Amino acid sequence: QSTWGFHFISNKKKIKERKMETIKRLAGEFFPRLARLNARLEILEAVGVAGGGLVKSTLRGRGNLIKLEIHPSIAQDKETVESLVQVSHNNALEQLEESREEVVTEEVPELVSIRQWIRRVRY
């Protein structure tokens, strides 16, 4: 009986070791892919347009505004400028998010299925 108990513990230990080896191997494969993903996400750019091109917002990476163009013809109308800047910025954010999804799907498709699963569980 003690031999069987030792054998059971020994097998359990081996299974645990194999699981750890698998986790280490997967992490070794996964982290370089995440680094590539982050590098690609940082250089993404999106341009949002409002008012038929009177205002353009350019965002990069994580949503940082890097350029804002306002046509001189509306520069004096504060309310119009504020409204169009907001619309163009939101438009650029939507485009950036779509681009992010595409990049994530290309680089690490497993993340997409995990995020979909989390959304289903959360709601």
Side-chain angles (χ1 to χ4, degrees):
Q1 188 177 14
S2 63
T3 305
W4 183 83
F6 176 75
H7 181 70
F8 177 73
I9 292 171
S10 176
N11 279 342
K12 207 173 179 183
K13 186 177 178 183
K14 287 179 184 177
I15 291 170
K16 199 176 205 179
E17 288 173 356
R18 274 190 249 135
K19 285 181 180 178
M20 286 304 294
E21 288 172 12
T22 302
I23 290 170
K24 287 177 185 177
R25 181 181 52 80
L26 290 173
E29 295 170 4
F30 201 63
F31 286 116
R33 291 168 61 197
L34 286 177
R36 263 195 326 269
L37 172 65
N38 279 331
R40 286 187 63 190
L41 290 175
E42 288 296 322
I43 61 171
L44 282 179
E45 282 191 11
V47 178
V49 180
L54 295 174
V55 175
K56 295 179 184 177
S57 297
T58 305
L59 306 181
R60 180 177 291 146
R62 303 197 186 278
N64 299 328
L65 180 66
I66 60 169
K67 187 176 183 181
L68 178 62
E69 298 175 46
I70 300 171
H71 194 276
S73 67
I74 63 163
Q76 301 302 319
D77 188 353
K78 182 180 182 280
E79 289 179 10
T80 301
V81 170
E82 289 173 349
S83 176
L84 292 177
V85 165
Q86 184 179 13
V87 170
S88 70
H89 184 266
N90 290 341
N91 181 276
L93 275 175
E94 288 175 17
Q95 291 181 34
L96 194 60
E97 185 57 33
E98 289 174 12
S99 297
R100 285 182 193 143
E101 290 292 329
E102 290 174 16
V103 170
V104 169
T105 301
E106 290 171 11
E107 290 291 336
V108 192
E110 299 89 343
L111 284 181
V112 175
S113 58
I114 291 169
R115 285 178 14 196
Q116 289 171 347
W117 178 80
I118 289 171
R119 285 184 189 137
R120 278 196 308 247
V121 170
R122 193 181 311 165
Y123 299 110

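Positions are given from 1 along the sequence. Note: hydrogens, waters and symmetry copies are ignored here, and every other heavy atom, side chains too, is used. Keep in mind that what you see is a predicted model, and the values were worked out from it rather than measured.
Ion pairing between a basic and an acidic side chain is recognised when a charged N comes within 4.0 Å of a carboxylate O; Glu107 and Arg33 show no such pairing. Electrostatic pairing of Glu102 and Arg100 does not count as a salt bridge here, judged by no charged N lying under 4.0 Å from a carboxylate O.
Between atom CG of residue Leu65 and atom CG of residue Leu93 there is a gap of 9.5 Å, rounded to the nearest 0.5 Å. Here Leu44 contributes atom CG and Glu97 contributes atom CD; the two are 10.5 Å apart, rounded to the nearest 0.5 Å.
In the hydrophobic clustering (ILVMFWY side chains linked at under 4.5 Å, chained through shared members), Val47 is joined by Val49.
At least one side-chain heavy atom of Leu68 sits under 4.5 Å from a side-chain heavy atom of Val55. Between Val103 and Leu41, some side-chain heavy-atom pair lies under the 4.5 Å cut-off. With contacts defined as side-chain heavy-atom distances shorter than 4.5 Å, the pair Leu59/His89 qualifies. With a 4.5 Å cut-off on side-chain heavy atoms, Glu45 and Thr58 count as touching.
A search for side-chain hydrogen bond (donor to acceptor under 3.5 Å, both in side chains) contacts involving Gln95 returns Asn91, not counting sequence neighbours. When the salt bridge (Lys or Arg N to Asp or Glu O under 4.0 Å) test is applied to Glu106, the partners found at least two apart in sequence or on another chain are Arg40. Listed by chain and residue number, Arg62 satisfy the salt bridge (Lys or Arg N to Asp or Glu O under 4.0 Å) test with Glu42 (two or more places apart in sequence, or in another chain). Remark: Glu82 pairs with Lys78 by the salt bridge (Lys or Arg N to Asp or Glu O under 4.0 Å) rule, at least two apart or across chains. With sequence neighbours excluded, no residue forms a side-chain hydrogen bond (donor to acceptor under 3.5 Å, both in side chains) with Arg18.
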inquiry  = With salt bridge (Lys or Arg N to Asp or Glu O under 4.0 Å) as the criterion, how do Glu69 and Lys67 come out once you've worked through the C-alpha distance, each side chain's angles and the decisive distance to 0.1 Å?
reply    = CA-CA 7 Å; Glu69 298 175 46; Lys67 187 176 183 181; 3.5 Å; yes

task = I would like to know whether Leu37 and Val104 meet side chain to side chain contact (heavy atoms under 4.5 Å, CB included); could you show each step before the answer?
result = CA-CA 7 Å; Leu37 172 65; Val104 169; 3.8 Å; yes

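Leu54 and Val87 fall into different hydrophobic clusters, defined by Ile, Leu, Val, Met, Phe, Trp and Tyr side-chain heavy atoms under 4.5 Å apart, directly or through other members.
The number of heavy atoms from other shown groups lying within 6.0 Å of CD (Gln76) does not exceed 12.
The two residues Ala92 and Ser57 make their nearest non-hydrogen contact at CB-O, 3.7 Å.
Judged by distance alone, the side chain of Ser83 and the main-chain N or O of Thr80 form no donor-acceptor pair under 3.5 Å.
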